[in-house]
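Note that the structure is a prediction, hence the values are computed from the model and not measured.
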Amino acid sequence: MNLVSARSIAQQYAMQLLPYCLKVPKINGIVNRIKIAGSIRREKDEVKDIEIVCIPDPEKILEFAQFVEGLKKIKGEATGKYTQRELPEGINLDLFMADEKNFGLIMMIRTGSWEYSKRMMWECKTRGFYVKDGYLFETSSNQLQLVEEEADFYRICNIKYTEPKLRIS
């Protein structure tokens with residue numbers, strides 16, 4: 001599917017999921033914890049699927065699950081860490097559920113590309129960190145690192161930030 005069509009569909013579903021996702025106060029106001037990732041964020045001309053990363057609001061988890069379960073299931077559960085759904089518009093939705101401790105890490109990984117994310121995992125390992133079960137840890141202490149925003153991953157691992165559209169390998 002072309003980027004314009006896929007982006008439009010992704011925005012539509014992100015807006016529909018928004019009421020069921022966490023809203024966090026930050027310095028610049030309230031931040032919604034739902035974002036479009038993947039090839040749409042990288043601005044690829046052709047898009048195979050829609051990837052969205054979100055933090056479901058614990059107080060609205062039943063409504064969140066009900067909405068997701070209304071979409072045709074391919075795999076995964078609406079209350080798990082990942083589910084894939086077939087959208088009526090003819091494209092699949094890959095929905096990744098995170099929390100405030102790993103939202104930024106999941107955004108970086110799921111923005112991709114696959115080769116870029118794999119390289120970032122190697123880069124963080126060479127800098128004394130590792131990723132396990134979707135969370136970033138310091139190797140020497142096994143201490144969990146908070147990665148609330150994507151920029152936190154790059155700062156913690158001392159890796160230069162790369163704009164999404166340049167994340168090729």
Side-chain angles (χ1 to χ4, degrees), residues 6-7 9-24 26 31-42 44 47-89 91-125 129-139 142-157 159 164 167:
R7 181 183 288 133
I9 295 166
Q11 289 170 339
Q12 170 191 338
Y13 281 93
M15 290 302 293
Q16 290 176 341
L17 285 164
L18 180 64
Y20 314 118
C21 292
L22 200 61
K23 293 159 189 66
V24 179
K26 297 283 182 176
V31 176
N32 295 312
R33 303 283 60 190
I34 184 166
K35 291 187 179 181
I36 298 167
S39 53
I40 294 173
R41 186 164 182 239
R42 292 194 326 271
K44 300 296 290 178
V47 175
K48 292 190 303 183
D49 55 17
I50 291 171
E51 295 184 71
I52 294 178
V53 177
C54 67
I55 302 177
D57 186 331
E59 295 179 9
K60 299 178 181 175
I61 194 68
L62 293 177
E63 295 95 333
F64 176 87
Q66 186 177 22
F67 176 85
V68 174
E69 289 170 359
L71 303 170
K72 184 177 179 185
K73 179 180 172 179
I74 297 173
K75 61 183 166 183
E77 301 302 324
T79 54
K81 291 185 177 186
Y82 165 75
T83 187
Q84 185 178 63
R85 303 291 161 145
E86 183 181 318
L87 300 178
E89 293 84 356
I91 191 167
N92 289 346
L93 168 64
D94 289 342
L95 187 60
F96 299 91
M97 283 66 79
D99 61 41
E100 273 300 301
K101 296 174 185 169
N102 71 348
F103 183 81
L105 176 64
I106 301 302
M107 272 301 296
M108 186 281 299
I109 291 170
R110 296 305 166 191
T111 293
S113 69
W114 180 86
E115 294 89 357
Y116 178 84
S117 296
K118 184 177 173 182
R119 185 167 61 87
M120 288 300 99
M121 295 302 96
W122 180 82
E123 291 283 347
C124 82
K125 188 174 182 179
F129 299 91
Y130 67 94
V131 173
K132 181 179 179 187
D133 298 327
Y135 295 90
L136 182 67
F137 295 88
E138 185 176 18
T139 303
N142 289 323
Q143 183 176 359
L144 175 69
Q145 304 295 302
L146 298 181
V147 188
E148 295 177 33
E149 303 294 338
E150 190 180 55
D152 295 334
F153 169 80
Y154 293 96
R155 177 185 49 76
I156 292 165
C157 295
I159 298 172
R167 297 180 190 181

In short, Ile61 meets Pro56 closest at the heavy-atom pair CD1-CB, 3.5 Å
Can you name the side chain to side chain contact (heavy atoms under 4.5 Å, CB included) partners of Ile109, sequence neighbours left out?
Leu105, Ser117, Met121
Glu150: salt bridge (charged side-chain N to carboxylate O under 4.0 Å, His left out) partners, not counting sequence neighbours:
Arg41, Arg167
Which residues pass the side chain to side chain contact (heavy atoms under 4.5 Å, CB included) test with Ala98, sequence neighbours left out?
Val53, Ile55, Asn102, Phe103, Ile106
Kindly write out the residues that satisfy side chain to side chain donor-acceptor pair (under 3.5 Å) with Gln16, not counting sequence neighbours, or none if the list is empty.
none
Taking side chain to side chain donor-acceptor pair (under 3.5 Å) as the test, write out the residues that go with Glu89, two or more places apart.
Tyr13
Phe64: partners by ring-ring contact (aromatic ring centres under 6.0 Å, His included), with sequence neighbours left out
none
Considering all heavy atoms of both residues, which atom of Leu136 and which atom of Phe153 are nearest to each other, and what is their separation?
CD2-CD1, 4.2 Å
Rounded to the nearest 0.5 Å, what separation is found between the OH atom of Tyr116 and the CD atom of Glu123?
9.0 Å
One pair to check against side chain to side chain contact (heavy atoms under 4.5 Å, CB included): Asn142 and Tyr130. What are the steps and the verdict?
CA-CA 9 Å; Asn142 289 323; Tyr130 67 94; 2.8 Å; yes
Between the side chain of Asp57 and the main-chain N/O of Glu59, is any donor-acceptor distance below 3.5 Å?
yes
Looking only at heavy atoms, the pair that brings Ala10 and Ile52 closest together is O-CD1, 3.9 Å
What residues, two or more places apart in sequence or in another chain, satisfy side chain to side chain donor-acceptor pair (under 3.5 Å) together with Gln145?
none
Closest non-hydrogen atom pair between Lys23 and Leu18, with its separation:
NZ-O, 3.1 Å
Is it the case that over 12 heavy atoms from other parts of the model lie below 6.0 angstrom from the CD atom of Gln12?
yes
Can you list everything that forms a side chain to side chain donor-acceptor pair (under 3.5 Å) with Gln11? Sequence neighbours excluded, please.
none
Taking every heavy atom of Ile50 against every heavy atom of Leu87, the minimum-distance pair comes out as CD1-CD1, 4.0 Å
In terms of ring plane angle, is the pair Tyr20 and Phe67 parallel, tilted or perpendicular, where the classes change at 30° and 60°?
tilted
Could you tell me which residues satisfy ring-ring contact (aromatic ring centres under 6.0 Å, His included) with Tyr82, sequence neighbours excluded, listed by chain and number?
Phe96
So salt bridge (Lys or Arg N to Asp or Glu O under 4.0 Å) across residues 61-77, not counting sequence neighbours, yields Lys72-Glu86, Lys73-Glu77
I'd like to know whether Arg42 forms a side chain to side chain contact (heavy atoms under 4.5 Å, CB included) with Ser113, so could you lay out the CA-CA distance, the side-chain angles of the two residues, the decisive distance to 0.1 Å, and finally the verdict.
CA-CA 8 Å; Arg42 292 194 326 271; Ser113 69; 4.0 Å; yes
Distance (rounded to the nearest 0.5 Å) between Gln84 CD and Asp49 CG:
7.0 Å
Do Asp133 and Lys81 have side chains that get closer than 4.5 Å, going by heavy atoms?
yes
Contacts of type side chain to side chain contact (heavy atoms under 4.5 Å, CB included), residue Thr83, not counting sequence neighbours:
Val68, Arg85, Leu95, Met97
Quick one: closest heavy-atom pair of Cys124 and Ile159, and the distance?
N-CD1, 4.1 Å
Could you list all the salt bridge (Lys or Arg N to Asp or Glu O under 4.0 Å) pairs where at least one residue sits in residues 92-110, not counting sequence neighbours?
Arg33-Glu100
